[in-house]
Amino acid sequence: MGEKDRIYKSLVDIIGKDFVSNRQEELYIYSRDPGASKSRSVDYVVMPKTVKEVQRIVKLANEEKIPITPMGGGFTLSALVVPVHGGIVLDMKRMDKIIEVNEKSRYALIEAGVSEGALLVYLEKNYPDLQHSVPEAPPTVTVVGNALIHGHGHISPRYGINSEMVNGMEVVLPTGEICKIGSSSLSPYWFTRGPLPDLPGLFLGWFGTTGIVTKLSIKLFPKAKYRDALAFSTDNIDLISNVIFKVTQIDLAEDFFLIAQEKPDWMNHVFFIIIVSGEFEEELELKKELYKKIFQKYKGGKEIKLVEEIHPALRKRFLDVPPFAAVAADFRKGGGFEYTGAILPIDKVPEAWRRGIEIAHNYGMTYSYVHQILGGHSIMFGFNYSFNRADEEDAERVRSAIDDSNKVTLDLGGMVWKAELGGQKLMLEKMDPNTLDLIKRIKKLLDPNGIMNPGNWGD
Ligand SMILES: Cc1cc2nc3c(=O)[nH]c(=O)nc-3n(C[C@H](O)[C@H](O)[C@H](O)COP(=O)(O)OP(=O)(O)OC[C@H]3O[C@@H](n4cnc5c(N)ncnc54)[C@H](O)[C@@H]3O)c2cc1C
């Protein structure tokens, strides 16, 4: 029996033949993601159901020295779950239990495969006064995958990015031990990560290179009864940083984002979108009035205008959780969409805005922006590009545009969020050498055989 057959058989012994595959037609799906990155090869896909199975797969991978790439929904668009060096893709979707919701301490304990959509529906049905922070991504993406990449959701401008909402985790370490992180390491309650050494950071932002998260406790937040959207528009790009400062000076918005796109013409302006919510109608009205008052300060409402009537389709897109973003993104009708999320200092937004338009035009594209304000301290500035998946030249153009956007991001003092391999490389090259060395030492300590998603964050 060849080595590949032997490993396949060992995987079947661990989780049964229905949940292991080495068939080309199934590996094909896992060898690419919806973004513009080139495909890469995968040797096996496994779908574990229990932590014990995950542990046994990790043990096998250590013995055989083969890579494991953990996967949630696989929707980062930057091919983070497409193995760089082949091996096993560990698709977590069957670990899909919502284990517990603690209403009073406001958290949900879930398994790694629970999708954003599943938690959303579960809370709507059973805990209508609670919500979690939902990204604009398709509802099949996982809560865990999103938190692990420092994702952000519809209440992040109010409460912080989603990785900050992690109370604790259960992790299978690359060496096979099951480890609890946060209050659950000494209490039956998964209600906080401190006051302890802050270990979640060993797994957040590491792209699955330091362990496999099997359970996670995520904070829940009050869900208000009433919500509405306000839109203001201007053509003065230089006002943006000041507006962000003023709007976040009062802490009343649930969501705050900027949108603009070149076509149709009426969208070719800077739009500030503020989502307000309230437990009482009076509360909602008061919040709306206060935000209108802020914008009135810009030359009595002449410099930045209130959009009196938001088109019903746009209002729906603004208020839906999650919005049907994928459709809006498919400008080229070829199904391909990718964006580099630049995490930028607020004062760099006008320059990024102009340089992003230049990049889009250089590649013969129209520009399209959706940027979310992250708590008034930074912005997720989306350089968005759509392409025709059937056209390799078009995909190559997008890869180059992403590379240019990443360079602009770093040039402006920002960082590339959920970076694809090229973006990771640019950041590692720029990073303080002692920090880089610390990262390497932590990685070596946790994953001595280098089996966890190798190739990401360097080898
Ligand atoms: C149209 C569109 C809009 C989007 N809008 C947003 C948005 O508003 N906000 C936002 O944050 N994101 C957004 N995204 C990006 C992305 O889809 C989301 O962040 C998504 O939540 C990522 O989750 P996932 O389950 O797909 O992660 P995956 O791609 O499966 O995984 C992400 C990373 O985490 C690792 N990983 C996954 N599960 C585990 C585990 N159990 N243990 C260890 N490592 C693991 C993977 O190896 C990978 O490195 C958008 C994407 C699209 C396509």
Side-chain angles (χ1 to χ4, degrees), residues 30 33-35 37 48 51 54 58 67-84 88-96 110-119 132-157 161-163 165 169-174 200 202-216 255 257 321-330 335-341 343 368 370-372 374 380 382 384 386 417-421 424 447 452-457:
Y30 289 84
D33 83 348
S37 297
V51 184
V54 173
V58 167
I68 300 182
T69 301
M71 173 185 184
F75 258 108
T76 59
L77 303 175
S78 36
L80 297 180
V81 299
V82 183
V84 180
I88 303 169
V89 172
L90 194 72
D91 184 334
M92 303 298 281
K93 288 188 196 68
R94 283 179 69 229
M95 297 183 69
D96 59 356
I110 56 169
E111 287 190 321
V114 171
S115 68
E116 296 283 355
L119 185 57
H132 76 293
S133 179
V134 183
E136 267 200 20
T140 48
V141 307
T142 60
V143 176
V144 169
N146 180 263
L148 292 182
I149 58 160
H150 296 297
H152 44 87
H154 75 296
I155 49 176
S156 286
I161 60 171
N162 298 352
S163 51
M165 299 173 183
M169 313 166 182
E170 176 190 82
V171 186
V172 175
L173 298 179
L202 291 174
F203 308 97
L204 297 168
W206 287 81
F207 301 157
T209 60
T210 51
I212 299 159
V213 175
T214 43
K215 295 186 184 75
L216 184 135
D255 199 352
F257 51 95
V321 176
F324 203 7
V327 167
D330 189 17
F337 169 65
E338 174 146 353
Y339 68 107
T340 192
I343 304 298
S368 141
V370 181
H371 316 308
Q372 195 179 28
L374 304 174
M380 192 294 294
N384 301 340
S386 63
W417 167 56
K418 65 177 180 59
E420 84 300 348
L421 291 178
Q424 291 174 33
D447 183 16
M452 292 304 307
N453 207 1
N456 280 283
W457 291 131

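Atoms within a ligand are numbered from 1 in the order they appear, just like the ligands themselves. Treat the numbers as computed from the prediction; the structure is a model and nothing was measured.
- For the pair F337/N384, a side-chain contact is recorded, criterion being any heavy-atom separation below 4.5 Å from C-beta on.
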**Report entry** Residue pair E170, L216: steps toward the side chain to side chain contact (heavy atoms under 4.5 Å, CB included) verdict
**Finding:** CA-CA 6 Å; E170 176 190 82; L216 184 135; over 6 Å; no
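- Within ligand 1, the atoms closer than 4.0 Å to a non-hydrogen atom of N453 are 47 (O), numbered from 1 in the order shown.
- For the residues E111, Q372, H152, M452, the heavy atom positioned nearest atom 11 (O) of ligand 1 is part of H152.
- Distances between N or O atoms of V213 and those of ligand 1 include at least one value under 3.5 Å.
- Counting heavy atoms under 4.0 Å from ligand 1, residue L77 touches it through the side chain alone.
- For ligand 1, none of its N or O atoms has an N or O atom of I149 under 3.5 Å away.
- Geometrically, ligand 1 and P135 share no nitrogen or oxygen pair separated by less than 3.5 Å.
- Below 4.0 Å from some heavy atom of G151 lie the following atoms of ligand 1, by number and element: 11 (O).
- Here the closest heavy-atom approach between residue P138 and residue F75 is recorded as CG-CE2, 3.9 Å.
- Between T142 and ligand 1, at least one pair of N/O atoms sits closer than 3.5 Å.
- Among all heavy-atom pairs drawn from V144 and I110, the shortest one is CG2-CD1, 4.3 Å.
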Query raised in the report: Does the pair I155 and D255 meet the rule for a side chain to side chain contact (heavy atoms under 4.5 Å, CB included), with working shown?
Result: CA-CA 5 Å; I155 49 176; D255 199 352; over 6 Å; no
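- Remark: ligand 1 and E116 share no N or O pair separated by less than 3.5 Å (distance only, no angle test).
- The two atoms that bring V81 and P70 nearest to each other are CG1-O, 3.6 Å, heavy atoms only.
- For K418 (side chain) and S78 (main-chain N/O), no donor-acceptor pair under 3.5 Å exists by modelled atom type.
- Here the closest non-hydrogen pair linking E136 and V370 is OE2-CG1, 4.1 Å.
- Residue contact annotation: G211 has a non-hydrogen atom under 4.0 Å from ligand 1.
- Of the polar atoms of M92, none of the N or O atoms is found under 3.5 Å from an N or O of ligand 1, judged by distance alone.
- For ligand 1 and G74, the ligand atoms under 4.0 Å from any heavy atom of the residue are 24 (P), 26 (O), 28 (P), 29 (O), 30 (O).
- Relative to atom 47 (O) of ligand 1, the option among P70, A147, G35, G208 with the closest non-hydrogen atom is P70.
- Between P138 and ligand 1, not a single N/O pair is under 3.5 Å apart.
- Near L80, with a cut-off below 4.0 Å to any heavy atom, the atoms of ligand 1 are 48 (C), 49 (O).
- Classification of the W457-F207 ring pair by plane angle, with boundaries at 30° and 60°, yields parallel.
- Side chain of D33 to main chain of L80: no donor-acceptor pair is present (N/O by atom type, distance under 3.5 Å, no hydrogens or angles).
- Every atom of ligand 1 is numbered from 1 in the order shown, and the set under 4.0 Å from a heavy atom of I212 is 42 (N), 43 (C).
- Between W417 and ligand 1, no N or O atom pair is found at a separation short of 3.5 Å.
- Of the candidates F203, W206, F337, it is F337 that places a heavy atom closest to atom 1 (C) of ligand 1.
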Requested in this report: Let me see the working for L90 and V54 under side chain to side chain contact (heavy atoms under 4.5 Å, CB included), right down to the final yes or no.
Outcome: CA-CA 8 Å; L90 194 72; V54 173; 4.3 Å; yes
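- Of all heavy-atom pairs between P34 and L77, the closest is CB-CD2, 3.8 Å.
- When non-hydrogen atoms are compared, ligand 1 lies under 4.0 Å from the side chain of L148 (C-beta onward) but not from its backbone.
- Each of the following atoms of ligand 1 lies closer than 4.0 Å to a heavy atom of A112: 41 (N).
- Neither the backbone nor the side chain of N162 comes within contact range of ligand 1; no heavy atom lies under 4.0 Å.
- If you check each of F75, Y339, F207 against atom 49 (O) of ligand 1, the one with the closest non-hydrogen atom is F207.
- Residues N162 and S156 bring a donor and an acceptor atom of their side chains to less than 3.5 Å of each other.
- Some N or O of G72 is nearer than 3.5 Å to an N or O of ligand 1, by distance alone.
- Under the 3.5 Å distance criterion, the side-chain polar atoms of H154 are matched with a main-chain donor or acceptor of V134.
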